[in-house]
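Atoms within a ligand are numbered from 1 in the order they appear, just like the ligands themselves.
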Amino acid sequence: MKHFAGEPIGDQVGPTSNAEQRRKLARVHRALKTLSAGNRTLLHASDEQTLLQDMCRVIVEAGGYSKAVVVYAEHDPDKSIRWMTDAGVDKALLQTFHLTWGDTESGRTAVGTAIRTGEPCVGRHILTDPAYAGPAHDLMREDAIKKGYRSGTAFPLRIDGEVIGALAMAAVEPDAFDDEEVELLSELADDLAYGIANLRIREKHRLAEETIARLAYYDAPTGLPNRTFLLERLEEAMQEAKQHHRPLALLHLHVGRFHEINKVLGYRSGDRLLQEVGRRLALAAKEIETLAHVGEAEFAMLLPGANADQAIQMAKRLASILHDPVNVSGLKVDATVSIGIALFPGHALTPEALLRRANAAMREARPTHGGYAIYTGGQEEQHTRRLALMGDLRHAIEHNQLLLYCQPKVDIASRRVCGAEALVRWDHPLHGMILTSEFIPLAEQAGLITQLTNWVLGSAFSQCYAWHEAGLERPLAVNLSAHDLRNPELVDRIRGLFSTWGIGPELMQFELTESALMEDPVSAMETLTDLKQLGTQLYIDDFGTGYSSLSYLQKLPVDYIKIDQSFVKPMAVSDDSAVIVRSTIELGHNLDMKIVAEGVESQVQWDALASLGCDVAQGYHISKPMPAEQFMKWDTNWA
Ligand code: C2E
Ligand code: CA
Ligand code: CA
């Protein structure tokens with residue numbers, strides 16, 4: 001224990017008077033009282049700052065000391081001292097203190113010394129003690145005179161052997177803080193340090209628990225609740241809904257561009273897309289609604305109390321909120337969401353089943369139908385079949401099990417064959433021929449379309465070369481999907497095929513549906529321009545179903561418009577269809593494009609198209625699609 005030099009020695013030698021004895025006893029008594037009040041404070045402490053405040057208050061109020069202070073030692077270059085809290089200290093005085101615990105003149109204050117030495121610094125006579133004579137104590141001596149306190153002590157606060165700060169207090173008498181009192185109060189300081197350590201451990205545990213809970217229930221890139229959280233919340237919401245005989249709706253959203261962006265721009269950009277989508281969705285959700293990030297590119301929203309109508313309203317709202325492009329790595333990207341809706345209790349009675357059904361509905365959502373769909377029975381079974389088929393399709397592409405068919409196109413005026421369309425077929429070893437309307441969308445969903453297109457391109461080029469070698473010059477048209485238009489490698493690949501097979505650009509053509517072009521008009525235009533530069537001829541396929549504007553159409557570098565079969569087939573019986581066919585032919589001719597009618601099934605249609613000046617016909621009336629190797633024979637017979 002450190003005592004200042006010059007401390008009066010009267011306490012240790014000479015006869016002690018009765019009065020002195022009584023004062024001594026009173027001091028021990030107040031220290032004991034402080035100690036026990038301090039212990040009660042420790043027991044009730046819930047956080048560190050409150051503990052420090054309560055402790056100072058108890059020292060002054062219960063112990064009767066004139067002031068109490070807690071400071072912490074900083075480990076900055078100045079070894080400064082942070083004033084944590086106090087009781088009975090003049091705040092104006094505080095402003096003027098620049099405390100340090102460094103080994104310098106200004107570090108010789110009581111708290112500075114206690115921190116530096118790790119021993120209590122006792123000053124029984126502030127005004128006369130030579131240790132308090134230095135300039136470091138000028139302010140304190142002034143204050144002691146003004147406030148009428150005469151002695152003071154600072155105790156180190158130690159956690160795990162390290163001094164973290166000091167507890168200091170002052171008393172009115174000029175000779176307080178004898179050995180016994182200092183010993184008792186040291187115990188108080190140790191208790192306080194123990195209490196601080198305890199609270200810090202508790203806080204660490206709390207933070208760790210919070211982190212664990214966050215990891216278990218929240219998702220890192222978006223900060224949104226995850227699937228586990230949603231399922232638990234859904235369980236509660238279902239119970240409540242059941243009790244109050246109310247419905248609830250679950251929306252399942254898929255962000256269409258996520259995988260592509262991840263692949264092309266990197267996972268950071270993918271995350272950024274998800275964050276922005278999550279942010280917009282969160283803005284649309286009311287407080288009682290739960291938004292969760294439930295899969296890589298998937299979000300779900302729980303709408304307690306909502307019926308089908310309200311769920312549809314919300315789906316429309318979300319679709320419109322996500323309509324504005326998202327800025328990702330300097331690019332404007334359409335998020336293109338599909339939304340599936342499932343309702344409790346109508347569609348499912350358990351959280352997992354409801355989520356599954358919302359998911360199944362989501363796969364049926366089409367941009368042309370608002371981008372959302374409500375669950376209808378059977379979607380889930382279909383979904384299971386589709387999943388199995390996806391695996392089979394990958395296998396079929398990799399093992400060359402697809403077939404190339406082609407369907408002739410005939411010039412109406414001359415009746416001459418003017419080319420053929422390449423159409424892919426899949427003869428599944430178990431299920432037989434799978435409809436293209438089933439497996440093309442499947443390939444798009446499964447991210448297999450690039451591989452499929454590559455297979456078709458390879459086969460079409462090789463077929464075209466074979467005809468060319470045999471003396472038959474027939475352009476073959478390959479269908480490209482919306483996905484292909486966004487594939488930055490497509491054009492290079494096609495260029496490579498031309499040089500590999502050495503056939504002229506007039507022998508290979510490309511068909512792109514109007515709706516694929518409209519999905520992303522800007523990048524579609526770029527790809528078309530590049531293809532055009534190779535010297536190939538291009539078709540707008542399924543014209544009339546894709547809502548393109550005349551001004552966009554005018555700018556497109558295409559050579560042919562293919563009128564969709566849904567207008568051609570009924571043109572003999574429906575005036576509306578006949579009008580559409582006629583005006584499309586006129587429009588195309590005004591734009592210097594040729595017109596192909598597809599789905600021509602009868603002589604009546606052929607004649608009608610001929611009289612309207614349609615250029616080319618394709619359909620069962622001429623020929624059904626046939627295996628590519630039969631085409632040459634058919635061509636010869638037709639002539
Ligand atoms: P599409 O490009 O409009 O192809 C024409 C579809 O109409 C073909 O169906 C063809 O068999 C059918 N069709 C032709 N003439 C008639 C007719 O007179 N009556 C009727 N009822 N149908 C006729 P398919 O081969 O099942 O293809 C369906 C769609 O699948 C195609 O529509 C095309 O969008 C897509 N598709 C086919 N092959 C490929 C391909 O290799 N790549 C890509 N990306 N899509 C393809
Ligand atoms: Ca086509
Ligand atoms: Ca078509």
Atom 30 (O) of ligand 1: closest protein heavy atom, distance to 0.1 Å, is Thr436 CB, 3.7 Å
Heavy-atom pairs closer than 4.0 Å: do any link ligand 1 to the side chain of Val478, the backbone, both, or neither?
neither
Assess the side chains of Asp564 and Ser566: does a donor N or O sit below 3.5 Å from an acceptor N or O?
yes
Report yes or no: does a heavy atom of Val456 sit under 4.0 Å from some atom of ligand 1?
yes
Which angle, to the nearest 10 degrees, do you find at the Ca ion (ligand 3) between OD1 in Asp541 and OE2 in Glu598?
100°
Per salt bridge (charged side-chain N to carboxylate O under 4.0 Å, His left out), Glu421 is matched among Lys409, Lys562, Arg474 by Lys562
Among Leu349, Leu302, Leu250, Thr350, whose side chain to side chain contact (heavy atoms under 4.5 Å, CB included) with Phe344 holds?
Leu349
Side-chain (His293) to main-chain (Gly295) donor-acceptor, under 3.5 angstrom:
yes
Among all protein heavy atoms, pick the one closest to atom 15 (N) of ligand 1 and tell me residue, atom and distance.
Gln407 NE2, 2.9 Å
With a cut-off of 3.0 Å, does any N, O or S atom of Glu511 fall short of it relative to the Ca ion (ligand 3)?
no
With a 4.5 Å cut-off on side-chain heavy atoms, are Arg415 and Trp606 touching?
yes
Protein contact of atom 46 (C) of ligand 1 - nearest heavy atom, named by residue and atom, plus distance:
Ile440 CD1, 3.7 Å
Indicate the atoms forming the closest heavy-atom contact of Gln565 with Gly599, along with that distance.
CB-CA, 3.7 Å
Using only atom types and a distance under 3.5 Å, with no angle test, would you say the side chain of Glu514 pairs donor to acceptor with the backbone of Thr545?
yes
Within 4.0 Å of some non-hydrogen atom of Glu598, the atoms of ligand 1 are 3 (O)
Ligand 1 to Arg425 polar contact by distance, N or O atoms, under 3.5 Å
yes
Which residue holds the protein heavy atom closest to atom 3 (O) of ligand 1, what is that atom called, and what is the gap in Å?
Asp542 OD1, 3.3 Å
Looking at Arg493, I want to see if its CZ is surrounded by more than 12 non-hydrogen atoms of other residues, nucleotides or ligands under 6.0 Å.
no
Taking atom types as modelled and ignoring hydrogens, do the side chains of Gln603 and Asp607 form a donor-acceptor contact shorter than 3.5 angstrom?
yes
Please confirm whether Ser437 comes under 4.0 Å of ligand 1, counting heavy atoms of the residue only.
no
Note: Gln618, heavy atoms under 4.0 Å from ligand 1, region reported as neither
Ligand 1 and Thr513, any nitrogen or oxygen pair closer than 3.5 angstrom?
no
Relative to ligand 1, is Lys624 under 4.0 angstrom through side chain, backbone, both or neither, heavy atoms considered?
neither
Side chain Arg357, main chain His347, donor-acceptor under 3.5 Å
yes
Among all protein heavy atoms in this structure, tell me which lies nearest to atom 31 (C) of ligand 1, with the distance rounded to 0.1 Å.
Leu423 CD2, 4.4 Å
If you have a sec, work out which protein heavy atom is nearest atom 19 (N) of ligand 1 and how many Å separate them, to one decimal?
Glu601 OE2, 2.6 Å
N/O of Val424 under 3.5 Å from N/O of ligand 1, yes or no?
yes
Tell me the closest heavy-atom pair linking Ala300 and Leu355, and the distance in Å.
CB-CD1, 4.4 Å
Considering only heavy atoms, does Lys562 approach ligand 1 within less than 4.0 Å through its side chain, its backbone, both, or neither?
neither
So which heavy atom in the protein is nearest atom 11 (O) of ligand 1, and how far is it from that ligand atom?
Pro625 CG, 3.2 Å
For Lys569, the atoms of ligand 1 under 4.0 Å from one of its heavy atoms are 21 (N)
Test item: Gln445 side-chain N/O and Leu442 main-chain N/O as donor-acceptor pair under 3.5 Å:
no
State whether the side chain of Gln451 and the backbone N or O of Leu448 hold a donor-acceptor pair below 3.5 Å, judged by distance alone.
no
With the Ca ion (ligand 2) as the point of reference, which N/O/S atom of Glu421 is the closest?
OE2
Between Tyr620 and ligand 1, does any nitrogen or oxygen pair lie at a separation below 3.5 Å?
yes
For atom 34 (O) of ligand 1, decide whether some protein heavy-atom distance is shorter than 4.0 Å.
no
Between ligand 1 and Gln565, is the shortest N or O to N or O distance under 3.5 Å?
yes
Among all protein heavy atoms, pick the one closest to atom 42 (N) of ligand 1 and tell me residue, atom and distance.
Asn479 O, 3.5 Å
Could you tell me whether a side-chain N or O of Arg272 sits under 3.5 Å from a main-chain N or O of Val328, the two making a donor and an acceptor?
no
Main chain of Glu506, side chain of Gln537: is a donor-acceptor contact present, judged purely on distance under 3.5 Å?
no
